[in-house]
Amino acid sequence: MKKRFLLAAFALMSLCAMAQDSYSRFTDGLPFGMPEVKAPAIPAYTVTLTDFGAVGDGSTLCTESFAKAISALSSRGGGHLIVPRGIWHTGPIELKSNIDLHLEMGAVILFAADETLYPLIDTSFEGLDTRRCQSPLSGRNLENISITGQGVIDGNGQYWRPLKKSKVSDGQWREFTSGKGVEMRKDYWVPSEGYAKGERSANMNVPQGLETAADWESVKRFLRPVMVSLVNCKNVLLQGVIFQNSPAWNLHPLMCENIIIDHVLARNPAYAQNGDALDLESCKNALIVDSKFDAGDDGICIKSGKDADGRRRGRPCENVVVDGCTVFAGHGGFVVGSEMSGGVRNIMVRNCQFLGTDVGLRFKSTRGRGGIVENIFIDGISMTAIKTDAITFNMYYGGKSVAEMLADGDNPNNTDKAPVDETTPIFRHIDIRNVVCNGAGRAMEFNGLPEMPIDGITLTDIDIIAKRDAEFHNSENIKKHNVKITLEK
């Protein structure tokens, strides 16, 4: 046991030492100013979860053991919490500053399917201030935190999520809905009557008209949380771990600064409702590198709050590098919006591949958002089997994926102008180059607002094979250099 402990400690120290100086190449030579982002410095002190009574048998609840271990590390100024091989069944885990949660190979943290373990808290969801269940794994107002290793973090999302019949096979539908939950209609199932009650009153996943604590508790199952919630944290590293099966969004850094996401896999079933892999919201100085995303919704998504709540927060998502990433299933490979009311700027996306996503590069918003999206640089994207648009700018987003919009026959563009004010979204100064797409439903869609056209998009060295040609509406100063679109016969 002592030998194993020393080997684990040595491996951790070596990993941390390597990480300190390994990320400067991602911020060198950018077309915008961005400081170097370094991994957090975690003290060398190490404890193991089993030292605090945890049992990794997949059924014993380890919530108290995680809390005691994190508290013990914090009392010593921080360090590494080693989670060894086993299945560690637990309620919510709250991180503290200067702590690394390290999962060894074979370690699975499995969050309990029991809503009573997740208290309601004030938070933000889909860009709006609201109340939700506490996230399975969370940290707020922290510095120097990391989640590292080779293990798995599983949110037990099937306990929380609704299900659309169109997204699963007949056999899966029977399996998932048999003898439990509520069919709100013949093609839509939710896990409980409380969930159904919450959804009936909701506006874009935020319930309306709830006043008392009892009102909120009565719809608690509907208030499914994001799995990993990091709010207002500084110096964050997520490295090597598999994050999967989240109740709602998978990874959600919100208002964080100096964050590195490196060699992770964030995955959800293709039918996972609101199952975004990564939503980076109102963050500053972030690296998303050498990682893989496979989701039931958007893959890599940049956000900054929604409508008045987002404008009131007033914190853009800025200085972000996405490099060497792969997105498999998902509504979009790289996505901006639709919650972008605080603005998005200074983003570099390069050397990425999108394999079978609904859309490749997806920019979305709608009237009422406000916010400015600008200084986006995209260079070196390979795409295959894109179901709808290789590149899309849609300023009429209404909550549907592009595939759902096409299936429903939606055609939202129009020539009627609305007044221009703080609620008008602006997309401008975006450079896209070196894109190859073999197979898309449509090459490109640019669908701006008549009162605020999409402005100043440069397309260089674009080669797309698609069933339909590009379409441009309410777009100005679109510059094309060596853009080739080949229509499939």
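In this text, all values refer to a predicted model and were calculated from it rather than measured experimentally.
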| field | Residue from Thr27, Asp262, Ile259 passing side chain to side chain contact (heavy atoms under 4.5 Å, CB included) with Leu287 | value | Thr27
| task | Check whether the side chains of Tyr159 and Asp114 place a donor and an acceptor atom closer than 3.5 Å, and report yes or no. | result | no
| request: Verify, without hydrogens or angle tests, whether Thr357 (side chain) and Phe354 (backbone) share a donor-acceptor contact under 3.5 angstrom. | output: no
| task | Using only heavy-atom distances, determine whether the side chains of Glu199 and Tyr188 contain a donor-acceptor pair under 3.5 Å. | result | yes
| So, the side chain of Asn319 versus the backbone of Lys284: is there a donor-acceptor pair under 3.5 Å, distance only? | no
| request: Using a strict cut-off of less than 4.0 Å between a Lys/Arg side-chain nitrogen and an Asp/Glu carboxylate oxygen, indicate whether Arg221 and Glu115 qualify as a salt bridge. | output: yes
| note | The side chain to side chain donor-acceptor pair (under 3.5 Å) partner of Ser282 among Lys303, Arg313, Glu318, Arg315 is Arg313
| field | Modelled atom types, side-chain donor and acceptor of Gln244 and Arg267, under 3.5 Å | value | yes
| message | Quick one: does any side-chain atom of Tyr118 pair with a main-chain N or O of Ala112 as donor and acceptor, under 3.5 Å? | response | yes
| Under the 3.5 angstrom rule, does the side chain of Ser229 hit a backbone N or O of Val226 as a donor-acceptor pair? | no
| said: Determine whether a donor-acceptor pair (N or O, by modelled atom type, separation under 3.5 Å) exists between the side chain of His89 and the backbone of Ser59. | reply: yes
| Carboxylate-amine/guanidinium contact Asp309 Arg312, below 4.0 Å | yes
| request: Using modelled atom types only, decide if a donor and an acceptor are shared between the side chain of Glu104 and the backbone of Ile82 within a distance under 3.5 Å. | output: no
| query | Does Ser338 reach the main-chain N or O of Ser365 with its side chain, forming a donor-acceptor pair under 3.5 Å? | reply | no
| field | Partner of Leu278 by side chain to side chain contact (heavy atoms under 4.5 Å, CB included), out of Asn250, Ile288, Val264 | value | Ile288
| Below 6.0 angstrom between ring centroids: does that apply to Tyr271 and Phe176? | yes
| query | Within a radius of less than 6.0 Å around CD of Glu211, do more than 12 heavy atoms belonging to other residues, nucleotides or ligands occur? | reply | no
| message | Whether Asp379 and Arg350 form a salt bridge (side-chain N of Lys/Arg under 4.0 Å from carboxylate O of Asp/Glu) is what I want to check. | response | no
| request: Output yes when Arg200 and Glu193 qualify as a salt bridge under the 4.0 Å nitrogen-oxygen rule, no when they do not. | output: yes
| Nearest heavy-atom neighbours spanning Pro207 and Trp216 | CG-CZ3, 3.9 Å
| message | Is it the case that atom CD in Glu374 sees more than 12 heavy atoms from other parts of the structure closer than 6.0 Å? | response | yes
| query | Do we see a donor-acceptor contact under 3.5 Å between the side chains of Ser246 and Asn268? | reply | yes
| field | Trp160 and Tyr195 aromatic centres sub-6.0 Å | value | no
| said: Could you check whether Asp100 and Thr148, counting side-chain N and O atoms only, form a donor-acceptor pair closer than 3.5 Å? | reply: yes
| message | Given 3.5 Å as the limit, does a donor-acceptor pair link the side chain of Ser291 with the main chain of His263, or not? | response | yes
| request: Tell me yes or no: between the side chains of Ser382 and Gln353, is some donor less than 3.5 Å from an acceptor? | output: no
| message | Looking at Asp298 and Lys364, is there a salt bridge between them, counting it only when a charged N and a carboxylate O are closer than 4.0 Å? | response | yes
| message | Please check this pair: side chain of Thr60 against backbone of Asp57, looking for a donor-acceptor N/O pair closer than 3.5 Å. | response | no
| request: Ignoring hydrogens and angles, tell me if any N or O in the side chain of Asp276 forms a donor-acceptor pair with the backbone of Asp279 under 3.5 Å. | output: no
